[in-house]
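Note on naming: letters A, B, ... go to the chains in the order of the sequence lines (proteins, then strands), and numbering restarts at 1 for each one.
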Amino acid sequence: MENAEVARLFREMAELLEIEGANAFRVRAYRNAARVVEEHAEPVASLVEGDGRRLQELPGIGADLAGKIEEIVRTGSLAALSEVRRKAPKGAVELMRVPGIGPSRARTLAGTLGIRSVAGLARAAKAGKIRALPGFGAASERKILAELGARTAGERRISRAVAAQYGESVLEYLRAFEGVTRADIAGSFRRGRETVGDLDILVECADGQAVSDRFVAFPEVREVLAHGATRASVVLRSGLQIDLRVLDAKSYGAGLYYFTGSKAHNIAVRRLGQKRGLKLNEYGVFRGTRQIAGAREQDVFRAVGLPWIPPELREDRGEIEAALHHGLPDLVTLDDIRGDLQMHSTDSDGRGSLEEMAETAEAMGYAYIAVTDHGPMMRMVRGLDDAGFRRQRKKIDRLNAKLRKLTVLAGAEVDIHPDGTLDLTDDTLAGLDIVFVALHARLDLAPEKQTERVLRALTHPHVDVFAHPTGRLINGRRGAQVDFDRVVKAAVDHGVMLEVDAQPERLDLDDTAVRSAIGLGATIVIDTDAHSPNELRFMRWGVDQARRGWAEKKNVANTRPLSRFLKLLHASR
DNA sequence: GCCGTTTTCGGCCCGACTGTTTTCAGTCG
């Protein structure tokens, strides 16, 4: 039983209770429980033993929810959920997926018109049946039709790197507007999340209506969803939704804090404020009607008795407790990175030559890089064979003789065969400075077999780094299923480092995996897996992911100067 | 449904925009 499955059932329970009109706090308790279970590092199934006391140690899990978790783990289903499913109008849950339709309207649509699907909703709207319903009108019907028309096949969260391009261009557009003194992206983007559903942009401006007008006139706007003096919301042609909030100087920090989220984090901090008799909202921290903080984000934190918490940690995953006890991690930064350890050249599937990659890395201020072209198994990308790596080694030696500030390490990204053996001979591996191993094929092996495959590779004496350990692609494929704890422990025991691959569609390991790996004593490397000189710029995305995993500089091997990094490599061989 | 150094009962985060409203409910973030 996976935590995700428990979470899914609790979320469905929350939606059905909402439609039923249940107490909103009860609904929230289920949603909160779903999140807590989903983000818990170990399977909650392993906590189901004895009297359920261990389950109740999880925040927001009391006797009732502990019992329900136990029921799900033991039986695979939840009687209470089946019961509300029976009572709820069929199809109402699906209708809530349409923006603008919440529990109340879903209940009306499914209950009175008998609409059971999004397709049925479209038919009813086209037939003009919706405008006659209580609480609806012609405008609501039009909006529903527009929403349904705009729906595209792959409605997904977009990658952080893509969102950055749109966000930065809107920021530039707004900053150029007279009267705008500050503008920032907040929301999940600021928290460093690997994908974003929409972008939240804050501006400081005395004339809210004027900047809101300017915002909705952004050239790429396809649709205006809301357009007020403090808030506006648009959809770009790309389908990306952008929300704007206008704040004045004395509230800017509070607004930035508030709209950075996460929601769960904000609620927890607001509760801290309440205990001190304070009210927190997007305009500031208030004692009664008097504002005591708000201009700067750190003042908001200070008012509730906390140090400033980096946005990447604001997920209500223990950061508030850590902050209260002076235990916040000192997160790794992009500036800490001294070298990039995985990249490809034209010798395999890269688009930049060895020289071009090295020159770009040197210009970026790095002290070292490793070139890690593919081995022979990757035929479709022209991987190198043993002789090819020997020839490349000579080229790298000549290149190093010419370079002044940068050292190029000779490496390889070696495939792990399904039986756990490696794709290059031991002689070749011994001649390399750094050896990455990776899974590229047969990601579908059964967890037991996949784990054995990986363990065999990680215990090979020449292996230094396990590259993109799961092989997942964001919005693409799920990745290999392994016993993560066993893999991490083997890596720690054999001095193998775990990679955070900074490619925006990989970001593998992900945040929670980084955190549990570090907790188990693993050392991380963050690298770009660049296939062109430009992609060396991807490092920032990997650093963001590692920060979300609470990684400190000391946890990340490629923050070390070259001599200390090499010492680390040799120590493990 | 959870939770407690003011509470084991009675709270639970808070505000903006829209549309259908004659003062507010629903939805969203």
Would you indicate which nucleotide in [options] comes nearest to any side-chain atom of [X]?
X      : options                : result
A:Q241 : B:dC14, B:dC13, B:dG29 : B:dG29
A:D200 : B:dG29, B:dC14, B:dA16 : B:dG29
A:A226 : B:dC14, B:dC17, B:dG1  : B:dC17
A:K143 : B:dG26, B:dG29, B:dT18 : B:dT18
A:K279 : B:dG26, B:dC17, B:dG15 : B:dG15
A:S104 : B:dA16, B:dT27, B:dG29 : B:dT27
A:Y30  : B:dC13, B:dG1, B:dG29  : B:dG1

**Prompt:** Just how far is it from atom CD1 of A:I130 to atom CG of A:L145, taken to the nearest 0.5 Å?
**Reply:** 7.0 Å
**Message:** Taking atom types as they are modelled, would you say the side chain of A:Y258 forms a donor-acceptor pair with the base of B:dG29 within the 3.5 Å cutoff?
**Reply:** yes
Span that lies between the [atom1] atom of [M] and that of [N], in whole angstrom:
N      : M      : atom1 : value
B:dG10 : B:dT21 : C1'   : 32 Å
B:dA16 : B:dG11 : C1'   : 25 Å
B:dA25 : B:dT20 : C1'   : 9 Å
B:dT8  : B:dG1  : C1'   : 14 Å
B:dC9  : B:dC14 : C1'   : 24 Å
B:dT23 : B:dC13 : C1'   : 24 Å
B:dC17 : B:dC12 : C1'   : 25 Å

**Request:** Keeping the roles fixed (side chain from A:Q291, backbone from A:G284), state whether a donor-acceptor pair exists under 3.5 Å.
**Result:** no
**Item:** Residue list, ring pair (Phe, Tyr, Trp, His ring centres under 6.0 Å) with A:F10, at least two apart or on another chain
**Value:** A:Y30
**Request:** Might you work through the ring-ring contact (aromatic ring centres under 6.0 Å, His included) test for A:Y257 and A:F301, ending with a clear yes or no?
**Result:** CA-CA 9 Å; A:Y257 171 72; A:F301 280 106; 5.0 Å; yes
**Donor + acceptor pair across side chains of A:S159, A:E505 (<3.5 Å)** = no
**Asked** Applying a 3.5 Å limit to both distances, which nucleotide forms a Watson-Crick or G-U wobble pair with B:dG1?
**Response** B:dC12
**Message:** Please classify the nucleic acid contact of A:P103 as base, sugar-phosphate, or nothing, using heavy-atom distances under 4.0 Å.
**Reply:** sugar-phosphate
**Prompt:** Syn or anti: how is B:dT7 classified when any glycosidic angle within 90° of 0 counts as syn?
**Reply:** syn
**Complete:** Of A:L58 and A:A139, the one whose closest nucleotide on DNA chain B sits nearer the 5' end is A:L58
